[in-house]
J.: 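Pasting in a structure now, in structure tokens, and then I'll have a few things to ask.
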Amino acid sequence: MEPAPLSSLQEEVEGEPAGEDSSAFSAAAVPPRPATHALHKYAPLDWSAYFDEERRVVIPGTDDIFNVYTAGSEGPVVFCLHGGGYSGLSFALAARQMKDKARVVSMDLRGHGKSTTSNDSDLSIETLTNDVIAVIRAMYGDSPPAIILVGHSMGGSVAVHVAARREIRNLHGLVVIDVVEGTAMASLVHMQKILSNRAQHFPSIEKAIEWSVKGGPLRNIESARVSIPSTLKYDESRECYMYRTPLEQTEKYWKGWYEGLSDKFLSCPVQKILLLAGTDRLDRALTIGQMQGKFQMVVVRHTGHAIQEDVPEEFASHILNFISRNKIGPNGVEIPGLIKKWGH
């Protein structure tokens, strides 16, 4: 449900390989599991093989506690925001690829994963934006390290809004994954049908993982094994697993996620890159902006909407190249000559 291409939106929602488009739906924390007899091929994988730490970030003065995964100890911070219905583990495989050269932080947004808030159903763009700013401040105070914001689908919209607010000190980059205002807005009219057509109930976590790659939005079995469990919850009354995030109940927020996104993206005063799956079309504002050199665009082939999950090695290389090309170090842009001088 994000400014992703129409197909991407459908994929994310439907879980159908929409090609370039599967937007941001997945979801949350997993309770005790009943006995299952699913194939080992679809058995869940633990986050600890990909991230170094899982921590709870308490927002002062609120009842909000955000679950955050971290990896790496050097370099700038790559702060990742997942799509609607996904979770912070959507970036697990990519984090493993990047953590030797960057500090990867991936949070479960409100209403997703293991995060708990006073109102999990408020997925308005304003609230989601405030949440991210609050988490960054709680983690780093007033002097954060250099930060690159990365957002997929709905999370891409949140990343743009955070950057546009200009409240994060030391923000040096913005990476938006597969979301374009024009196609996203055009897709909204179809979203409820897409959501209602996806599989809703699963007898086991393994079956949910299997569906996500056979009929759903993902193409990488390993990534699905890590990320899908955190998008589910166990329903005792129905004795099955369901989505942790009821996206179909968030319709009143959808328009706000994407409306005006292109102009806002272009206005952000940092280096920008737009990663698109397949052959998504740019809308008018982005087409003009690209012609004017306001951002870099990369089309990633052979992937669905969740680029970071389907091709994590390629995705990680694009992020690390972006960091290197823009000379973003742990504390900001590094200019070798100047650093040498300051060292003396």
J.: Scan side-chain atoms only and decide if Q249 and S121 contain a donor-acceptor pair under the 3.5 Å cut-off.
T.: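 The criterion, which ignores hydrogens and geometry beyond distance, is not satisfied for S121 and Q249.
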J.: Short question: side chain of S324, backbone of L320 - any donor-acceptor pair under 3.5 Å?
T.: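 Not at all, since once roles are kept as given, no pair shorter than 3.5 Å links the two residues.
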J.: Passes side chain to side chain contact (heavy atoms under 4.5 Å, CB included), V175 versus L275? Steps please.
T.: CA-CA 7 Å; V175 181; L275 298 179; 4.2 Å; yes
J.: Is it true that K207 and E210 make a salt bridge, defined as a side-chain N closer than 4.0 Å to a carboxylate O?
T.: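 So K207 pairs with E210 through a salt bridge.
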J.: So which pairs with a foot in residues 133-160 pass salt bridge (Lys or Arg N to Asp or Glu O under 4.0 Å), sequence neighbours left out?
T.: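 Every pair satisfying salt bridge (Lys or Arg N to Asp or Glu O under 4.0 Å) with a residue in residues 133-160: R137-E167.
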J.: Hey, quick one: are M242 and Y86 part of the same hydrophobic cluster, counting side-chain heavy atoms closer than 4.5 Å, chains of contacts allowed?
T.: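 Cluster IDs for M242 and Y86 differ.
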J.: Taking the side chain as every heavy atom from C-beta outward, state whether V78 and I323 have any atom pair closer than 4.5 Å.
T.: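 A side-chain contact exists here, since the closest heavy-atom pair is under 4.5 Å.
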J.: With rounding to the nearest 0.5 Å, note down the distance linking CZ in R198 to CG in L247.
T.: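 If we round to the nearest 0.5 Å, R198:CZ and L247:CG are 5.5 Å apart.
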J.: Please list all pairs meeting salt bridge (Lys or Arg N to Asp or Glu O under 4.0 Å) that have one or both residues in residues 42-52, counting only residues at least two apart or in different chains.
T.: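 Pairs touching residues 42-52 that pass the test: D52-K99.
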J.: Can you spot which of N130, N119, T245, D64 makes a side chain to side chain donor-acceptor pair (under 3.5 Å) with R110?
T.: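 Exactly one pass, corresponding to D64.
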J.: Which value, rounded to the nearest 0.5 Å, describes the distance between R169 atom CZ and I136 atom CD1?
T.: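 The distance works out to 13.5 Å.
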J.: Of L89, T70, N67, D108, which is the lone residue that meets side chain to side chain contact (heavy atoms under 4.5 Å, CB included) with E54?
T.: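 Of the listed options, the one satisfying the test is N67.
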J.: Counting neighbours of CZ on R165 that are heavy atoms of other residues, nucleotides or ligands and sit closer than 6.0 Å, is the number greater than 12?
T.: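 Counting neighbours around CZ of R165, more than 12 heavy atoms of other residues, nucleotides or ligands fall under 6.0 Å, so yes.
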J.: Is V58 reachable from I133 through a run of I, L, V, M, F, W or Y residues, each pair having side-chain heavy atoms under 4.5 Å apart?
T.: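 Different clusters: I133 never reaches V58 through Ile, Leu, Val, Met, Phe, Trp or Tyr contacts under 4.5 Å.
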J.: If every non-hydrogen atom of K272 is compared with every non-hydrogen atom of V270, which pair is closest and at what distance?
T.: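 Answer, listing the atom of K272 first, then V270: NZ-O, 3.0 Å.
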J.: Do the non-hydrogen side-chain atoms of Y42 and I221 ever get within less than 4.5 Å of each other?
T.: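 They are in side-chain contact.
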J.: Keeping the roles fixed (side chain from D310, backbone from G304), state whether a donor-acceptor pair exists under 3.5 Å.
T.: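 Yes.
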J.: Do I209 and P229 have side chains that approach each other closer than 4.5 Å (heavy atoms only, starting at C-beta)?
T.: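 In contact.
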J.: Walk me through whether H318 and V300 qualify under side chain to side chain contact (heavy atoms under 4.5 Å, CB included).
T.: CA-CA 10 Å; H318 286 306; V300 182; 4.2 Å; yes
J.: Got a second to check how far M191's CE is from E251's CD, nearest 0.5 Å?
T.: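 The CE atom of M191 sits 9.5 Å away from the CD atom of E251.
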J.: Is there a path of hydrophobic side-chain contacts, each under 4.5 Å between heavy atoms, that joins L276 and F295?
T.: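 Same cluster: L276 reaches F295 through Ile, Leu, Val, Met, Phe, Trp or Tyr contacts under 4.5 Å.
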J.: What are the two closest non-hydrogen atoms of M185 and K255, and how far apart are they?
T.: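 Shortest heavy-atom contact: CE-CG, 3.7 Å.
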J.: Just so I know, are the side chains of T116 and I65 near enough to count as touching, which here means a heavy-atom distance under 4.5 Å?
T.: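 Touching, per the 4.5 Å side-chain cut-off.
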J.: Whether the side chain of S124 engages the backbone of T127 through a donor-acceptor N/O pair (distance < 3.5 Å, no angle test) should be reported.
T.: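 Yes.
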J.: Which distance, rounded to the nearest 0.5 Å, do you find between the OG of S73 and the CZ of R103?
T.: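 So the OG of S73 and the CZ of R103 are separated by 8.0 Å.
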J.: Would you kindly say whether R325 and Q296 are connected by a side-chain donor-acceptor distance under 3.5 Å?
T.: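 A pair is found: one side chain offers a donor N or O, the other an acceptor, under 3.5 Å apart.
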J.: May I have the step-by-step check of side chain to side chain contact (heavy atoms under 4.5 Å, CB included) for L286 and L266, ending in yes or no?
T.: CA-CA 8 Å; L286 290 183; L266 293 170; 4.3 Å; yes
J.: Just wondering, do I177 and F315 contact through their side chains at under 4.5 Å, heavy atoms?
T.: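 Yes; the side chains approach each other to less than 4.5 Å.
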J.: Identify the two heavy atoms, one from E206 and one from A43, that lie closest to each other, and give their separation to 0.1 Å.
T.: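 Minimum heavy-atom separation between E206 and A43: CG-CA, 4.0 Å.
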J.: Nearest 0.5 Å please: distance from the OH atom of Y241 over to the CG atom of L232.
T.: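 Answer for the OH-CG pair, Y241 versus L232, is 8.0 Å.
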J.: Atom CG of D122 and atom NZ of K252: how far apart are they, to the nearest 0.5 Å?
T.: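 The CG atom of D122 sits 7.5 Å away from the NZ atom of K252.
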J.: Indicate yes or no: at least one non-hydrogen side-chain atom of V158 is less than 4.5 angstrom from one of L149.
T.: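 Side-chain contact under 4.5 Å: no.
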J.: For E334 versus P330, what's the shortest heavy-atom pair and its separation?
T.: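 Looking at all heavy atoms of both residues, the shortest contact is OE2-CD, 3.2 Å.
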J.: So which atom in L93 and which in Y50 form the shortest heavy-atom distance, rounded to 0.1 Å?
T.: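 Shortest heavy-atom separation between L93 and Y50 comes out as CD1-CE2, 3.7 Å.
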J.: Closer than 3.5 angstrom, by distance alone: can the side chain of N170 be matched with the main-chain N or O of I147 as a donor-acceptor pair?
T.: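 Such a contact is absent between N170 side chain and I147 backbone.
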J.: If the test is side chain to side chain contact (heavy atoms under 4.5 Å, CB included), which one of L274, I273, N321 qualifies with V298?
T.: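 Single side chain to side chain contact (heavy atoms under 4.5 Å, CB included) partner of V298 among L274, I273, N321: I273.
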J.: Backbone N or O of W257 within a donor-acceptor pair of the S157 side chain at under 3.5 Å?
T.: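 Yes; at least one donor-acceptor contact below 3.5 Å.
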J.: Going by atom types alone, do Y243 and E248 pair a side-chain donor with an acceptor below 3.5 Å?
T.: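 Not at all, the side chains of Y243 and E248 share no donor-acceptor pair under 3.5 Å.
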J.: State which residues pass side-chain contact (heavy atoms from CB on, under 4.5 Å) with R284; sequence neighbours excluded, sorted by chain then number.
T.: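 By the side-chain contact (heavy atoms from CB on, under 4.5 Å) rule, R284 matches I288.
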J.: Mark yes or no for whether T62, through its side chain, and I59, through its backbone, hold a donor-acceptor pair below 3.5 Å.
T.: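 A pair under 3.5 Å: yes.
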J.: Are Y69 and F91 packed together at the side-chain level, in the sense that at least one heavy-atom pair is separated by less than 4.5 angstrom?
T.: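 SC-SC contact between Y69 and F91 ruled out.
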J.: If the test is side chain to side chain donor-acceptor pair (under 3.5 Å), which one of H82, H152, E314, Q97 qualifies with Q308?
T.: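 Of all the options given, the one that passes is H152.
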J.: Are side-chain heavy atoms of V333 and N326 found at a separation under 4.5 Å?
T.: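 SC-SC contact between V333 and N326 ruled out.
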J.: Nearest heavy-atom pair of E181 and S262: which atoms, and what distance?
T.: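 Looking at all heavy atoms of both residues, the shortest contact is OE1-N, 2.9 Å.
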J.: Using a distance-only test with no angle check, is there a side-chain donor-acceptor pair under 3.5 angstrom linking D120 and T117?
T.: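 Judged by distance alone, the side chains do pair up.
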J.: Please check if the side chain of S106 supplies one atom and the backbone of G88 the other of a donor-acceptor pair under 3.5 Å.
T.: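 Here the side-chain-to-backbone pair exists.
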J.: Please determine whether side chain to side chain contact (heavy atoms under 4.5 Å, CB included) holds for the pair V104 and C80, giving the CA-CA distance in whole Å, both sets of side-chain angles, and the decisive distance to 0.1 Å.
T.: CA-CA 7 Å; V104 183; C80 303; 4.1 Å; yes
